[in-house]
2 protein chains.
Amino acid sequence: MPRRKEKRTHQDLSTIFDMIEYPDAFRITYLANAVVFPTYDTIKKDFGLIRAEYVLLACLSHYDVLTAQDVSRISGRPRNTVGRAVHRMLDEGYLARTPDAKDGRQATLRITPEGRALHEKIAAYLKERQENVLSALSAKERHTLSQLLKKAALDVASKDS
Amino acid sequence: MPRRKEKRTHQDLSTIFDMIEYPDAFRITYLANAVVFPTYDTIKKDFGLIRAEYVLLACLSHYDVLTAQDVSRISGRPRNTVGRAVHRMLDEGYLARTPDAKDGRQATLRITPEGRALHEKIAAYLKERQENVLSALSAKERHTLSQLLKKAALDVASKDS
DNA sequence: GCATTATTGTACCATTTGGAACAACTTGAA
DNA sequence: TTCAAGTTGTTCCAAATGGTACAATAATGC
(Lines give C-alpha, C1' and ligand atoms only; values in the text may rest on other atoms or scores of the structure.)
Protein backbone atom coordinates (compact mmCIF):
# COMPACT_ATOMS: atom_id res chain seq x y z
CA MET A 1 0.00 0.00 0.00
CA PRO A 2 1.35 3.43 -0.89
CA ARG A 3 2.47 5.47 2.10
CA ARG A 4 2.02 9.17 2.22
CA LYS A 5 4.92 11.24 1.09
CA GLU A 6 3.54 14.11 -0.84
CA LYS A 7 0.35 15.46 -2.29
CA ARG A 8 -1.88 12.89 -3.83
CA THR A 9 -3.27 13.60 -7.24
CA HIS A 10 -5.73 12.14 -9.65
CA GLN A 11 -2.83 10.20 -11.14
CA ASP A 12 -2.56 8.08 -8.02
CA LEU A 13 -5.57 6.26 -9.36
CA SER A 14 -3.22 4.17 -11.45
CA THR A 15 -2.17 2.23 -8.39
CA ILE A 16 -5.78 1.55 -7.49
CA PHE A 17 -6.40 0.22 -10.99
CA ASP A 18 -4.46 -2.88 -10.06
CA MET A 19 -5.09 -3.09 -6.33
CA ILE A 20 -8.84 -2.86 -6.45
CA GLU A 21 -10.86 -5.98 -5.69
CA TYR A 22 -13.12 -5.53 -8.73
CA PRO A 23 -10.81 -4.11 -11.41
CA ASP A 24 -13.12 -4.34 -14.40
CA ALA A 25 -16.13 -2.83 -12.71
CA PHE A 26 -13.84 -0.13 -11.39
CA ARG A 27 -12.42 0.66 -14.80
CA ILE A 28 -15.84 0.85 -16.35
CA THR A 29 -17.00 3.11 -13.57
CA TYR A 30 -13.89 5.18 -13.85
CA LEU A 31 -14.33 5.72 -17.56
CA ALA A 32 -17.97 6.57 -17.04
CA ASN A 33 -17.19 9.01 -14.24
CA ALA A 34 -14.27 10.61 -15.98
CA VAL A 35 -15.95 10.92 -19.32
CA VAL A 36 -19.68 10.69 -19.24
CA PHE A 37 -20.57 12.87 -16.30
CA PRO A 38 -18.26 15.74 -17.17
CA THR A 39 -19.89 15.45 -20.57
CA TYR A 40 -23.33 15.84 -19.06
CA ASP A 41 -22.01 18.94 -17.31
CA THR A 42 -20.86 20.32 -20.63
CA ILE A 43 -24.20 19.53 -22.22
CA LYS A 44 -25.92 21.41 -19.43
CA LYS A 45 -23.63 24.38 -19.71
CA ASP A 46 -23.40 24.61 -23.50
CA PHE A 47 -26.79 23.30 -24.59
CA GLY A 48 -28.97 24.04 -21.56
CA LEU A 49 -30.22 20.48 -21.12
CA ILE A 50 -30.02 18.53 -17.90
CA ARG A 51 -29.35 14.85 -18.08
CA ALA A 52 -32.97 13.72 -18.01
CA GLU A 53 -33.73 16.08 -20.87
CA TYR A 54 -30.92 14.81 -23.00
CA VAL A 55 -31.89 11.20 -22.33
CA LEU A 56 -35.39 12.03 -23.50
CA LEU A 57 -34.05 13.73 -26.61
CA ALA A 58 -31.81 10.78 -27.41
CA CYS A 59 -34.68 8.31 -27.04
CA LEU A 60 -36.96 10.30 -29.29
CA SER A 61 -34.26 10.73 -31.90
CA HIS A 62 -33.98 6.97 -32.27
CA TYR A 63 -37.63 6.01 -32.04
CA ASP A 64 -40.39 7.49 -34.10
CA VAL A 65 -43.13 7.77 -31.50
CA LEU A 66 -42.97 7.11 -27.79
CA THR A 67 -45.02 7.77 -24.69
CA ALA A 68 -43.39 9.14 -21.57
CA GLN A 69 -43.78 5.71 -20.06
CA ASP A 70 -41.93 4.16 -22.98
CA VAL A 71 -39.05 6.55 -22.42
CA SER A 72 -39.06 5.64 -18.76
CA ARG A 73 -38.92 1.94 -19.55
CA ILE A 74 -36.27 2.28 -22.24
CA SER A 75 -34.01 4.59 -20.29
CA GLY A 76 -34.62 3.03 -16.91
CA ARG A 77 -35.36 6.40 -15.31
CA PRO A 78 -38.40 7.06 -13.12
CA ARG A 79 -41.60 8.40 -14.62
CA ASN A 80 -41.58 11.68 -12.74
CA THR A 81 -38.10 12.51 -13.97
CA VAL A 82 -39.14 11.83 -17.54
CA GLY A 83 -42.36 13.78 -17.06
CA ARG A 84 -40.49 16.86 -15.92
CA ALA A 85 -38.18 16.61 -18.90
CA VAL A 86 -41.16 16.32 -21.26
CA HIS A 87 -42.68 19.58 -20.04
CA ARG A 88 -39.41 21.40 -20.26
CA MET A 89 -38.73 20.15 -23.77
CA LEU A 90 -42.26 21.01 -24.86
CA ASP A 91 -41.73 24.57 -23.64
CA GLU A 92 -38.47 24.76 -25.53
CA GLY A 93 -40.06 23.41 -28.69
CA TYR A 94 -37.83 20.38 -28.97
CA LEU A 95 -40.69 17.90 -28.99
CA ALA A 96 -44.41 17.72 -29.72
CA ARG A 97 -47.09 15.95 -27.73
CA THR A 98 -50.31 14.54 -29.11
CA PRO A 99 -52.99 13.14 -26.79
CA ASP A 100 -53.68 9.53 -27.63
CA ALA A 101 -57.18 9.20 -29.07
CA LYS A 102 -57.53 5.61 -27.96
CA ASP A 103 -56.10 5.88 -24.48
CA GLY A 104 -56.99 9.02 -22.55
CA ARG A 105 -54.20 8.48 -20.08
CA GLN A 106 -51.26 8.72 -22.35
CA ALA A 107 -49.90 11.06 -24.99
CA THR A 108 -47.54 10.28 -27.84
CA LEU A 109 -44.31 12.20 -28.15
CA ARG A 110 -42.32 13.05 -31.25
CA ILE A 111 -39.15 15.00 -31.74
CA THR A 112 -39.40 18.27 -33.68
CA PRO A 113 -36.91 19.40 -36.33
CA GLU A 114 -35.48 21.79 -33.75
CA GLY A 115 -35.07 18.90 -31.34
CA ARG A 116 -33.40 16.77 -33.95
CA ALA A 117 -31.01 19.57 -34.86
CA LEU A 118 -30.10 19.97 -31.22
CA HIS A 119 -29.57 16.27 -30.81
CA GLU A 120 -27.29 16.18 -33.82
CA LYS A 121 -25.15 18.90 -32.36
CA ILE A 122 -24.92 17.15 -29.02
CA ALA A 123 -24.29 13.75 -30.62
CA ALA A 124 -21.42 15.20 -32.61
CA TYR A 125 -19.94 16.54 -29.43
CA LEU A 126 -20.33 13.20 -27.66
CA LYS A 127 -18.76 11.38 -30.57
CA GLU A 128 -15.78 13.68 -30.49
CA ARG A 129 -15.48 13.10 -26.79
CA GLN A 130 -15.61 9.35 -27.32
CA GLU A 131 -12.80 9.53 -29.87
CA ASN A 132 -10.69 11.44 -27.42
CA VAL A 133 -11.29 8.91 -24.67
CA LEU A 134 -10.41 5.92 -26.79
CA SER A 135 -7.59 7.52 -28.76
CA ALA A 136 -5.02 5.41 -26.93
CA LEU A 137 -6.36 2.29 -28.63
CA SER A 138 -5.54 1.11 -32.14
CA ALA A 139 -8.28 0.57 -34.69
CA LYS A 140 -8.16 -3.14 -34.06
CA GLU A 141 -8.29 -2.66 -30.31
CA ARG A 142 -11.17 -0.27 -30.71
CA HIS A 143 -13.08 -2.87 -32.67
CA THR A 144 -12.37 -5.59 -30.14
CA LEU A 145 -13.40 -3.38 -27.23
CA SER A 146 -16.55 -2.38 -29.04
CA GLN A 147 -17.56 -6.00 -29.60
CA LEU A 148 -16.84 -7.04 -26.04
CA LEU A 149 -18.75 -4.10 -24.61
CA LYS A 150 -21.68 -4.88 -26.83
CA LYS A 151 -21.69 -8.51 -25.81
CA ALA A 152 -21.60 -7.65 -22.13
CA ALA A 153 -24.14 -4.86 -22.39
CA LEU A 154 -26.62 -6.94 -24.38
CA ASP A 155 -26.29 -9.73 -21.88
CA VAL A 156 -27.00 -7.34 -19.03
CA ALA A 157 -29.92 -5.84 -20.92
CA SER A 158 -31.39 -9.30 -21.45
CA LYS A 159 -31.16 -10.12 -17.77
CA ASP A 160 -33.22 -7.38 -16.21
CA SER A 161 -36.00 -7.97 -18.75
CA MET B 1 -36.06 3.66 -37.16
CA PRO B 2 -38.44 1.43 -35.20
CA ARG B 3 -42.09 2.45 -35.45
CA ARG B 4 -44.42 2.14 -32.57
CA LYS B 5 -46.46 -1.02 -32.38
CA GLU B 6 -46.56 -2.06 -28.78
CA LYS B 7 -45.12 -1.27 -25.41
CA ARG B 8 -41.49 -0.41 -25.40
CA THR B 9 -39.30 -2.10 -22.85
CA HIS B 10 -35.78 -1.92 -21.59
CA GLN B 11 -34.95 -4.55 -24.21
CA ASP B 12 -35.51 -2.05 -26.98
CA LEU B 13 -32.14 -0.70 -26.05
CA SER B 14 -30.57 -3.33 -28.24
CA THR B 15 -31.61 -1.43 -31.34
CA ILE B 16 -30.05 1.75 -29.98
CA PHE B 17 -26.80 -0.10 -29.34
CA ASP B 18 -26.18 -0.09 -33.08
CA MET B 19 -27.97 3.06 -34.14
CA ILE B 20 -26.36 5.42 -31.69
CA GLU B 21 -23.83 7.91 -33.00
CA TYR B 22 -21.28 7.13 -30.26
CA PRO B 23 -21.67 3.38 -29.69
CA ASP B 24 -18.70 2.79 -27.42
CA ALA B 25 -19.35 5.70 -25.12
CA PHE B 26 -22.96 4.60 -25.02
CA ARG B 27 -22.09 1.04 -24.08
CA ILE B 28 -19.75 2.14 -21.37
CA THR B 29 -22.37 4.48 -20.04
CA TYR B 30 -24.99 1.81 -20.29
CA LEU B 31 -22.93 -0.68 -18.34
CA ALA B 32 -22.16 1.93 -15.73
CA ASN B 33 -25.79 2.98 -15.44
CA ALA B 34 -27.16 -0.53 -15.41
CA VAL B 35 -24.61 -1.93 -13.03
CA VAL B 36 -22.77 0.64 -11.02
CA PHE B 37 -25.54 2.95 -9.95
CA PRO B 38 -28.00 0.27 -8.91
CA THR B 39 -25.04 -1.08 -6.96
CA TYR B 40 -24.65 2.22 -5.16
CA ASP B 41 -28.33 2.00 -4.32
CA THR B 42 -27.80 -1.44 -2.85
CA ILE B 43 -24.81 -0.22 -0.86
CA LYS B 44 -26.94 2.56 0.54
CA LYS B 45 -29.78 0.25 1.41
CA ASP B 46 -27.78 -2.68 2.78
CA PHE B 47 -24.73 -0.97 4.24
CA GLY B 48 -26.03 2.49 5.01
CA LEU B 49 -23.40 4.36 3.03
CA ILE B 50 -24.10 6.94 0.38
CA ARG B 51 -21.87 7.10 -2.63
CA ALA B 52 -19.52 9.77 -1.30
CA GLU B 53 -19.03 7.76 1.86
CA TYR B 54 -18.18 4.60 0.01
CA VAL B 55 -15.75 6.44 -2.25
CA LEU B 56 -14.01 7.75 0.85
CA LEU B 57 -13.88 4.28 2.36
CA ALA B 58 -12.46 2.80 -0.82
CA CYS B 59 -9.75 5.46 -1.04
CA LEU B 60 -8.69 4.96 2.56
CA SER B 61 -8.65 1.21 2.19
CA HIS B 62 -6.07 1.49 -0.57
CA TYR B 63 -3.92 4.28 0.82
CA ASP B 64 -2.41 4.34 4.25
CA VAL B 65 -2.91 7.98 5.17
CA LEU B 66 -4.77 10.68 3.30
CA THR B 67 -6.14 14.14 3.90
CA ALA B 68 -9.65 15.06 2.84
CA GLN B 69 -8.12 17.08 0.07
CA ASP B 70 -6.17 14.03 -1.14
CA VAL B 71 -9.38 12.07 -1.32
CA SER B 72 -10.97 14.89 -3.27
CA ARG B 73 -8.12 14.95 -5.75
CA ILE B 74 -7.92 11.19 -6.12
CA SER B 75 -11.64 10.63 -6.48
CA GLY B 76 -12.36 13.77 -8.43
CA ARG B 77 -15.22 14.74 -6.11
CA PRO B 78 -15.61 18.21 -4.61
CA ARG B 79 -14.16 19.00 -1.20
CA ASN B 80 -17.46 19.70 0.49
CA THR B 81 -18.83 16.33 -0.54
CA VAL B 82 -15.77 14.59 0.84
CA GLY B 83 -15.88 16.67 4.00
CA ARG B 84 -19.45 15.64 4.73
CA ALA B 85 -18.54 12.02 4.21
CA VAL B 86 -15.60 12.36 6.59
CA HIS B 87 -17.79 13.60 9.43
CA ARG B 88 -20.35 10.92 8.86
CA MET B 89 -17.73 8.17 8.80
CA LEU B 90 -16.05 9.56 11.90
CA ASP B 91 -19.37 9.40 13.73
CA GLU B 92 -19.84 5.83 12.59
CA GLY B 93 -16.33 4.89 13.68
CA TYR B 94 -15.17 3.80 10.25
CA LEU B 95 -12.22 6.16 10.17
CA ALA B 96 -9.98 8.15 12.50
CA ARG B 97 -8.81 11.72 12.13
CA THR B 98 -5.57 13.15 13.50
CA PRO B 99 -4.85 16.87 13.28
CA ASP B 100 -1.63 17.45 11.38
CA ALA B 101 1.02 18.84 13.72
CA LYS B 102 2.87 20.57 10.93
CA ASP B 103 -0.05 22.05 9.05
CA GLY B 104 -2.86 23.40 11.18
CA ARG B 105 -5.26 23.44 8.26
CA GLN B 106 -5.35 19.79 7.48
CA ALA B 107 -5.93 16.52 9.29
CA THR B 108 -4.77 13.06 8.32
CA LEU B 109 -7.32 10.30 7.90
CA ARG B 110 -6.93 6.58 8.43
CA ILE B 111 -9.35 3.73 8.12
CA THR B 112 -10.25 1.85 11.32
CA PRO B 113 -10.54 -1.93 11.59
CA GLU B 114 -14.32 -1.49 11.55
CA GLY B 115 -14.04 0.53 8.37
CA ARG B 116 -11.82 -2.05 6.77
CA ALA B 117 -14.20 -4.84 7.68
CA LEU B 118 -17.06 -2.90 6.14
CA HIS B 119 -15.08 -2.23 3.00
CA GLU B 120 -14.25 -5.90 2.65
CA LYS B 121 -17.92 -6.81 2.82
CA ILE B 122 -18.85 -4.21 0.24
CA ALA B 123 -15.93 -5.12 -2.02
CA ALA B 124 -17.00 -8.76 -1.99
CA TYR B 125 -20.47 -7.69 -3.02
CA LEU B 126 -19.12 -5.51 -5.82
CA LYS B 127 -16.89 -8.29 -7.05
CA GLU B 128 -19.81 -10.67 -7.19
CA ARG B 129 -21.77 -8.08 -9.10
CA GLN B 130 -18.92 -7.62 -11.53
CA GLU B 131 -18.79 -11.35 -12.20
CA ASN B 132 -22.47 -11.37 -12.93
CA VAL B 133 -22.16 -8.49 -15.37
CA LEU B 134 -19.30 -10.02 -17.30
CA SER B 135 -20.48 -13.62 -17.15
CA ALA B 136 -21.33 -13.59 -20.84
CA LEU B 137 -17.64 -13.31 -21.70
CA SER B 138 -15.12 -16.15 -21.83
CA ALA B 139 -12.01 -16.05 -19.68
CA LYS B 140 -9.98 -14.94 -22.64
CA GLU B 141 -12.50 -12.24 -23.54
CA ARG B 142 -12.53 -11.09 -19.95
CA HIS B 143 -8.78 -10.72 -20.00
CA THR B 144 -8.81 -8.83 -23.27
CA LEU B 145 -11.55 -6.50 -22.08
CA SER B 146 -9.71 -5.89 -18.85
CA GLN B 147 -6.52 -4.91 -20.65
CA LEU B 148 -8.29 -2.62 -23.08
CA LEU B 149 -10.23 -0.90 -20.32
CA LYS B 150 -7.05 -0.40 -18.35
CA LYS B 151 -5.25 1.05 -21.33
CA ALA B 152 -8.07 3.48 -22.06
CA ALA B 153 -8.60 4.43 -18.42
CA LEU B 154 -4.92 5.06 -17.74
CA ASP B 155 -4.71 7.18 -20.84
CA VAL B 156 -7.68 9.22 -19.68
CA ALA B 157 -6.21 9.52 -16.20
CA SER B 158 -2.93 10.79 -17.63
CA LYS B 159 -4.72 13.43 -19.67
CA ASP B 160 -6.54 15.39 -16.99
CA SER B 161 -3.36 15.46 -14.85
C1' DG C 1 9.20 41.02 9.12
C1' DC C 2 5.08 42.10 6.71
C1' DA C 3 1.62 41.86 3.28
C1' DT C 4 -0.32 39.32 -0.38
C1' DT C 5 -1.64 34.98 -2.26
C1' DA C 6 -2.76 30.05 -1.89
C1' DT C 7 -4.71 26.06 0.51
C1' DT C 8 -7.63 23.35 3.77
C1' DG C 9 -11.81 22.43 5.65
C1' DT C 10 -16.49 24.09 6.37
C1' DA C 11 -21.21 26.38 5.79
C1' DC C 12 -24.78 27.94 2.86
C1' DC C 13 -27.72 27.51 -0.89
C1' DA C 14 -29.83 26.19 -5.38
C1' DT C 15 -30.48 22.33 -8.32
C1' DT C 16 -31.27 17.63 -9.50
C1' DT C 17 -33.08 13.41 -8.28
C1' DG C 18 -36.30 9.64 -7.31
C1' DG C 19 -39.69 7.47 -3.96
C1' DA C 20 -44.53 7.71 -2.63
C1' DA C 21 -49.03 9.05 -3.14
C1' DC C 22 -52.64 10.68 -6.12
C1' DA C 23 -56.32 11.54 -9.85
C1' DA C 24 -57.82 10.23 -14.34
C1' DC C 25 -58.45 6.60 -17.22
C1' DT C 26 -58.45 1.72 -18.97
C1' DT C 27 -58.79 -3.19 -18.48
C1' DG C 28 -60.55 -7.42 -16.84
C1' DA C 29 -63.59 -10.37 -14.22
C1' DA C 30 -67.87 -11.48 -12.11
C1' DT D 1 -72.95 -3.49 -16.46
C1' DT D 2 -70.21 -2.85 -12.48
C1' DC D 3 -66.54 -2.91 -9.59
C1' DA D 4 -61.74 -4.07 -8.54
C1' DA D 5 -57.12 -3.83 -10.20
C1' DG D 6 -53.67 -1.89 -13.16
C1' DT D 7 -51.62 2.01 -15.90
C1' DT D 8 -50.33 6.83 -17.12
C1' DG D 9 -48.94 11.15 -15.96
C1' DT D 10 -48.38 14.40 -12.24
C1' DT D 11 -47.44 16.52 -7.59
C1' DC D 12 -45.17 16.57 -3.28
C1' DC D 13 -41.31 15.89 -0.49
C1' DA D 14 -36.86 14.43 1.35
C1' DA D 15 -32.18 13.38 0.15
C1' DA D 16 -27.87 14.02 -2.30
C1' DT D 17 -25.00 16.89 -4.92
C1' DG D 18 -21.80 20.53 -6.11
C1' DG D 19 -20.86 25.69 -6.78
C1' DT D 20 -19.67 29.66 -4.13
C1' DA D 21 -18.06 32.02 -0.29
C1' DC D 22 -15.80 32.06 4.07
C1' DA D 23 -12.44 31.60 8.26
C1' DA D 24 -8.14 29.73 9.61
C1' DT D 25 -3.67 28.62 8.46
C1' DA D 26 0.47 28.30 5.43
C1' DA D 27 3.53 29.80 1.78
C1' DT D 28 5.49 33.32 -1.06
C1' DG D 29 7.33 37.78 -2.43
C1' DC D 30 8.93 42.29 -1.25
Side-chain angles (χ1 to χ4, degrees), chain A residues 4 6-9 32-34 36-45 47-56 59 65-91 95-109, chain B residues 4 6-9 33-34 36-45 47-56 59 65-91 95 97-109:
Chain A
R4 180 172 177 75
E6 54 194 13
K7 265 187 191 174
R8 297 296 174 193
T9 74
N33 281 336
V36 178
F37 285 93
T39 300
Y40 276 125
D41 290 344
T42 304
I43 291 176
K44 174 158 42 169
K45 201 161 36 117
F47 301 98
L49 300 189
I50 64 173
R51 182 177 172 199
E53 289 157 5
Y54 175 64
V55 168
L56 171 63
C59 283
V65 177
L66 294 173
T67 67
Q69 185 70 292
D70 288 332
V71 175
S72 173
R73 271 192 290 257
I74 291 175
S75 67
R77 318 235 144 260
R79 290 200 304 275
N80 52 4
T81 301
V82 176
R84 267 189 299 259
V86 167
H87 285 294
R88 173 77 194 291
M89 301 299 269
L90 281 172
D91 290 345
L95 61 87
R97 181 168 61 172
T98 310
D100 191 316
K102 293 173 186 164
D103 190 333
R105 294 168 302 179
Q106 63 191 14
T108 54
L109 307 172
Chain B
R4 178 171 178 78
E6 54 193 13
K7 267 188 191 175
R8 296 294 174 193
T9 73
N33 281 337
V36 177
F37 285 93
T39 300
Y40 276 124
D41 290 343
T42 305
I43 291 176
K44 173 158 43 170
K45 202 161 34 121
F47 301 97
L49 300 190
I50 64 173
R51 183 178 172 200
E53 289 157 6
Y54 176 64
V55 168
L56 173 61
C59 283
V65 176
L66 293 173
T67 67
Q69 184 70 291
D70 288 332
V71 174
S72 174
R73 271 193 290 257
I74 291 174
S75 67
R77 317 237 144 259
R79 290 201 305 273
N80 52 6
T81 301
V82 175
R84 266 190 299 258
V86 167
H87 286 293
R88 173 78 193 291
M89 301 299 268
L90 282 171
D91 290 345
L95 61 86
R97 181 168 60 172
T98 310
D100 190 317
K102 293 174 188 163
D103 189 332
R105 292 168 302 180
Q106 63 190 14
T108 55
L109 306 172

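Keep in mind that the numbers below use all heavy atoms, side chains included, and drop hydrogens, waters and symmetry copies.
Following rounding to the nearest Å, A/Lys45 (NZ) and C/dA14 (P) show an atom-to-atom distance of 22 Å. Rounded to whole angstrom, the span from the NE2 atom of A/His87 across to the C1' atom of D/dT11 amounts to 10 Å. For B/Gln106 and C/dA6, the CD to P distance is 18 Å, given to the nearest whole Å. Rounded to a whole Å, the CG atom of B/Leu95 is 13 Å from the P atom of C/dG9. The distance between atom CG of B/Leu66 and atom C1' of C/dT8, rounded to the nearest whole Å, is 15 Å. Between B/Leu109 atom CG and C/dT8 atom P there is a gap of 13 Å when expressed in whole angstrom units. In this structure, the CG atom of B/Asp100 is 10 Å from the P atom of D/dA27, given to the nearest Å. Distance A/Glu53 CD to C/dT15 P: 13 Å, rounded to the nearest Å.
Among D/dT8, C/dG19, C/dT26, the nucleotide with an atom closest to any side-chain atom of A/Asp103 is C/dT26. Distance from the side chain of A/Asn80 is smallest for D/dT11 among the nucleotides D/dG9, D/dT11, D/dT7. The nucleotide whose nearest atom lies closest to any side-chain atom of B/Gln69 is, among D/dA16, D/dG9, C/dT8, C/dT8. Minimum atom distance to the side chain of B/Arg79 is reached by D/dA21, of the listed C/dT17, D/dA21, D/dT17.
When heavy atoms are screened at a 4.0 angstrom cut-off, B/Arg84 is found touching base atoms of the nucleic acid. Residue contacts shown for B/Arg51 are limited to sugar-phosphate atoms, with no base heavy atom under 4.0 Å away. B/Arg97 comes within contact range of the sugar-phosphate backbone alone, with a heavy-atom separation under 4.0 Å but no base atom that close.
Both A/Asp41 and A/Ala68 lie close to DNA chain D; mapped to their nearest nucleotides by heavy-atom distance, the more 5′-ward contact belongs to A/Ala68. Map A/Arg105 and A/Lys44 each onto its nearest nucleotide of DNA chain C; the residue landing nearer the 5' end is A/Lys44.
Across all their heavy atoms, A/Thr81 and A/Ala52 have their closest contact at CG2-CB, 3.4 Å. Taking every heavy atom of both residues into account, A/Val71 and A/Cys59 meet most closely at CG1-SG, 4.1 Å. Residues A/Lys44 and A/Ile50 approach most closely at CD-CG2, 4.0 Å, considering heavy atoms.
For C/dT17, the OP1/OP2 oxygens have no side-chain nitrogen or oxygen of A/Thr81 closer than 4.0 Å. Considering only side-chain N and O atoms, B/Arg77 lies nowhere under 4.0 angstrom from the phosphate OP1 or OP2 of D/dA16.
Salt-bridge annotation for A/Arg73 and A/Asp70: present, with a side-chain N of the basic residue lying under 4.0 Å from a carboxylate O of the acidic one.
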Derivation of the salt bridge (charged side-chain N to carboxylate O under 4.0 Å, His left out) call for B/Arg105 and B/Asp103: CA-CA 5 Å; B/Arg105 292 168 302 180; B/Asp103 189 332; 2.8 Å; yes

